[in-house]
Amino acid sequence: MNQQQIRKFRKRLIGWYRENRRDLPWRKTNDPYCIWISEVMLQQTRVETVVPYYQRFLQCFPDLPSLARSDLEAVLKAWEGLGYYARARNLHRAAGIVIAEHQGVVPQDPDLFGKLPGVGVYIRAAVTSIAFDKPLPAVDGNVKRVLARLMKIGEPVNRSSFHRSFTAAAQQLLDRRQPGTYNQAMMELGALICMPGQPDCPRCPVRSFCSAFKENGVDRYPVRLRSEPVPEYRIAVGVVCRNNRVLITRRKNEGLLGGLWEFPGGKIGPREDPEAACIREIKEEVNLHVEVMAHLSRVKHAYTHFKIVMDVYRCRYLGGRVKLSGPVDYRWIRLEEIDRFAFPKANHKFFPMLRKVGCR
DNA sequence: AACTCGGGGCC
DNA sequence: GGCCCAGAGTT
């Protein structure tokens, strides 16, 4: 595309966007804090999933100072079920930094904003373009797919090493006079028209500019490398009952499900009996001696890089004093209190059965 | 440059 | 059961 075509392209795209954009909650505000929250939640997560979380989160933490003041526990509870919990931890940390080092005001300078934890290349571009009209191209999964078709870019979209080809194309098309609107228009096009599976080319406002469409080859783009098959692990988990209370432990703040609460347990060895593994894991993690009373539930769950089959056992406390090895905290709680803590989805899957059976 | 990090909705 | 989503941090 030459410069004149690029100008027409932007005009078509933005005209279409003004008429067809979805009425999303974060499009009703100019508050950089709110836009920031939305972009972090939308990372690797669909719009429909985010909407209720976004609204609840802003009720709990209506502005940046309220987020900075709150406990990480409360933030994780608001984030519970959304996944990628480092996003919540980084957001909470970033809010503290904005208070301490930026007088409580979200920095407009992309270089400063981009230094905050959890703010990478994409979120820096998205937030500063939408909230502050900074001319940076926001290149997410949607935009890469649109660009791959538009310019017939044959490099795989799911390899970070090829990210540069897409940002170069995006830089060239960006409307520097209204970068926020342009960026959202590209993403909206990817979400509503230029979808992954069956793009709706007949309704596409920019199909006359699309190289892949012209050659009848939209289905050949984007190119994507196949991902490895994921391993499956067997997990044994114990609900330890004592005096009408159950034992929960908190994971360390780093790594998988960092900061969340869970029922103690762990991997079952290659030829290990699941009940024995349950008893062993509880001994190793919290130093308690327990016996298995009954099998409570079997849960299947998929993570990004592996999947698990988890057997859950009701256990009876026999002896010992809690000494943590792995977990960083623990509580003996009544089942009625369980909703106060943030748990991973895999734990939630057996909660209904646990409530039914109780803990005695 | 490769690996880690959730969950859900759709096919 | 696999795909893919408004990606970032770590190593």
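Each chain gets a letter, A, B and so on, in the order the sequences are listed, and its residues count up from 1. This structure is a prediction, so every number in the text was calculated from the model and none was measured.
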Trainee: Output the rounded distance in Å from CZ (A:F343) to P (B:dG6).
Mentor: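 Between P of B:dG6 and CZ of A:F343: 16 Å.
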Trainee: Just call it for A:G81: base, sugar-phosphate, or nothing, with non-hydrogen atoms closer than 4.0 Å on any strand.
Mentor: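 The answer is sugar-phosphate, as A:G81 gets under 4.0 Å only of primed atoms, P, OP1 or OP2.
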Trainee: Considering only side-chain heavy atoms of A:E188, which listed nucleotide, C:dG7, B:dG7, C:dA6, is closest?
Mentor: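 Taking heavy atoms from C-beta onward, the closest nucleotide is C:dA6.
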Trainee: What I want to find out is whether A:E80 reaches A:K345 closely enough, with some N-O distance under 4.0 Å, to be called a salt bridge.
Mentor: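 So A:E80 does not pair with A:K345 through a salt bridge.
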Trainee: I'd like the C1' distance from B:dC5 over to C:dC5, given in whole Å.
Mentor: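 To the nearest whole Å, 15 Å.
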Trainee: Indicate, with a heavy-atom threshold strictly under 4.0 Å, whether A:I123 touches base, sugar-phosphate, or nothing.
Mentor: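 Sugar-phosphate, backbone atoms only, no base.
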Trainee: With sugar-phosphate meaning primed atoms plus P, OP1 and OP2, does A:Y303 contact a base, only sugar-phosphate, or nothing at under 4.0 Å between heavy atoms?
Mentor: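 Sugar-phosphate only.
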Trainee: For A:Y53, does the six-membered ring have the charged nitrogen or CZ of A:R56 within the cation-pi criterion, i.e. under 6.0 angstrom from the centroid and within 45° of the normal?
Mentor: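 Relative to the ring axis of A:Y53, which defines the angle, A:R56 lies inside both limits.
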Trainee: Using atom CZ of A:R21 as one end and atom P of C:dA6 as the other, report the distance to the nearest whole Å.
Mentor: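 It is 17 Å, rounded to the nearest whole Å.
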Trainee: Within the pair A:H305 and B:dC3, is there a side-chain N or O less than 4.0 Å away from OP1 or OP2?
Mentor: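 Checking B:dC3 against A:H305, no side-chain N or O comes under 4.0 Å of OP1 or OP2.
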Trainee: For the base of C:dC4, is there a side-chain donor-acceptor partner from A:R46 under 3.5 Å away?
Mentor: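 For A:R46, whose side chain was compared with the base of C:dC4, there is a donor-acceptor pair (under 3.5 Å).
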Trainee: NZ of A:K252 versus C1' of B:dC5: gap in Å, rounded?
Mentor: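 Rounded to the whole Å, the gap is 12 Å.
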Trainee: Pick base, sugar-phosphate or nothing for A:V50, based on heavy-atom distances below 4.0 Å to the nucleic acid.
Mentor: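 Touches nothing.
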Trainee: Between A:R124 and C:dG7, does any side-chain N or O lie under 4.0 Å from OP1 or OP2?
Mentor: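 No.
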Trainee: Of all the choices, B:dC5, B:dG7, C:dA6, which nucleotide is nearest to the side chain of A:P344 once you look at every atom?
Mentor: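 Nucleotide nearest to A:P344's side chain: B:dG7.
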Trainee: For the side chain of A:L256, counting heavy atoms from C-beta on, which of C:dA6, B:dG6, C:dA8 is nearest?
Mentor: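 Within the option list, the nearest is B:dG6.
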Trainee: Between A:E272 and A:R280, is the closest basic N to carboxylate O distance under 4.0 Å?
Mentor: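 A salt bridge is present here (some side-chain N lies under 4.0 Å from a carboxylate O).
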Trainee: Return yes if the base of B:dG6 and the side-chain atoms of A:Y84 contain a donor-acceptor N/O pair under 3.5 Å, otherwise no.
Mentor: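 Such a pair is found, so the answer is yes.
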Trainee: Do A:K77 and A:E73 meet the salt-bridge criterion of a basic N to acidic O distance under 4.0 Å?
Mentor: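 Between A:K77 and A:E73 there is no salt bridge, as every charged N stays at least 4.0 Å from the carboxylate O atoms.
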Trainee: Could you state the atom-to-atom distance from CG of A:N253 to C1' of C:dG9 in whole Å?
Mentor: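 It is 15 Å, rounded to the nearest whole Å.
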Trainee: Between C:dA6 and B:dC3, how many Å separate the two C1' atoms, rounded to a whole number?
Mentor: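 Per the computed distance, 22 Å lies between those C1' atoms.
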Trainee: Donor-acceptor check, side chain of A:R89 to backbone of A:G258, threshold 3.5 angstrom: yes or no?
Mentor: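 Yes, A:R89 side chain to A:G258 backbone: donor-acceptor pair under 3.5 Å.
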Trainee: Looking at every strand, decide which applies to A:R89 at a 4.0 Å heavy-atom threshold: base, sugar-phosphate, or nothing.
Mentor: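 It contacts nothing in the nucleic acid.
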Trainee: Nearest to the side chain of A:K307, which nucleotide is it out of C:dC5, C:dG2, C:dA6?
Mentor: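 Looking only at heavy atoms from C-beta outward on A:K307, the closest nucleotide is C:dG2.
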Trainee: A:V40 near the nucleic acid: base, sugar-phosphate alone, or nothing, with a heavy-atom cut-off under 4.0 Å?
Mentor: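 Touches nothing.
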Trainee: Tell me the interatomic distance from A:Y182, atom OH, to C:dA6, atom C1', rounded to whole angstroms.
Mentor: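 Going from A:Y182 (OH) to C:dA6 (C1'), I get 14 Å.
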Trainee: Where the side chain of A:R27 is concerned, which of B:dG7, C:dA8, C:dA6 is the nearest nucleotide?
Mentor: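 Out of B:dG7, C:dA8, C:dA6, the nucleotide with an atom closest to A:R27's side chain is C:dA6.
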Trainee: Would you indicate, yes or no, if C:dC5 has its OP1 or OP2 atom less than 4.0 angstrom from a side-chain nitrogen or oxygen of A:R224?
Mentor: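 True: A:R224 side-chain N/O within range (under 4.0 Å) of C:dC5 OP1/OP2.
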Trainee: Do the ring planes of A:F343 and A:F341 sit parallel (below 30°), tilted (30 to 60°) or perpendicular (above 60°)?
Mentor: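 Taking A:F341 first and then A:F343, their aromatic rings stand perpendicular (interplane angle over 60°).
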Trainee: Within the modelled atom types, does a donor on one side and an acceptor on the other bring the side chain of A:T304 and the base of B:dG6 under 3.5 Å apart?
Mentor: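 Flag set: donor-acceptor pair detected.
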Trainee: Can you classify the ring geometry of A:F306 versus A:Y233 as parallel (below 30°), tilted (30 to 60°) or perpendicular (above 60°)?
Mentor: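 If you compare the ring of A:F306 with that of A:Y233, the planes turn out tilted.
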Trainee: Checking contacts here: which listed nucleotide (C:dA6, C:dC5, B:dG6) is nearest the side-chain heavy atoms of A:L42?
Mentor: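 Given the options C:dA6, C:dC5, B:dG6, the side chain of A:L42 is closest to C:dA6.
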Trainee: If I take atom CZ in residue A:R145 and atom P in nucleotide C:dA6, what distance separates them, rounded to the nearest angstrom?
Mentor: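 So the CZ-P distance, A:R145 to C:dA6, works out to 7 Å.
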Trainee: Output the rounded distance in Å from CZ (A:F306) to C1' (B:dG7).
Mentor: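 After rounding, the gap between these two atoms is 13 Å.
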Trainee: Charged N to carboxylate O under 4.0 angstrom, A:R334 versus A:E336?
Mentor: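 A:E336 and A:R334: salt-bridged.
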Trainee: In whole Å, what separates the C1' atom of B:dG7 from that of C:dT10?
Mentor: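 Between the two C1' atoms, the distance is 22 Å.
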Trainee: So what does A:W26 hit on the nucleic acid, given a heavy-atom distance under 4.0 Å: a base, only sugar-phosphate, or nothing?
Mentor: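 If one applies the 4.0 Å heavy-atom cut-off, A:W26 turns out to touch a base.
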Trainee: Among C:dA6, B:dG8, C:dA8, which nucleotide has an atom closest to any side-chain atom of A:Q43?
Mentor: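 Closest nucleotide among those given: C:dA8.
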Trainee: Name the closest nucleotide to the A:L24 side chain, picking from C:dA6, B:dG6, C:dC5.
Mentor: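 Nucleotide nearest to A:L24's side chain: C:dA6.
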Trainee: Give the rounded distance in Å between these two atoms: CZ of A:R159 and C1' of B:dA2.
Mentor: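 Value for this atom pair: 9 Å.
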Trainee: A:T45 has a side chain; which of B:dG7, B:dG6, C:dC3 sits nearest to it?
Mentor: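 So the nucleotide nearest the side chain must be B:dG6.
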Trainee: If you go through the side-chain atoms of A:T49, does one of them form a donor-acceptor pair with the base of B:dG9 closer than 3.5 Å?
Mentor: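 Counting by modelled atom types and ignoring angles, no donor-acceptor contact under 3.5 Å is found here.
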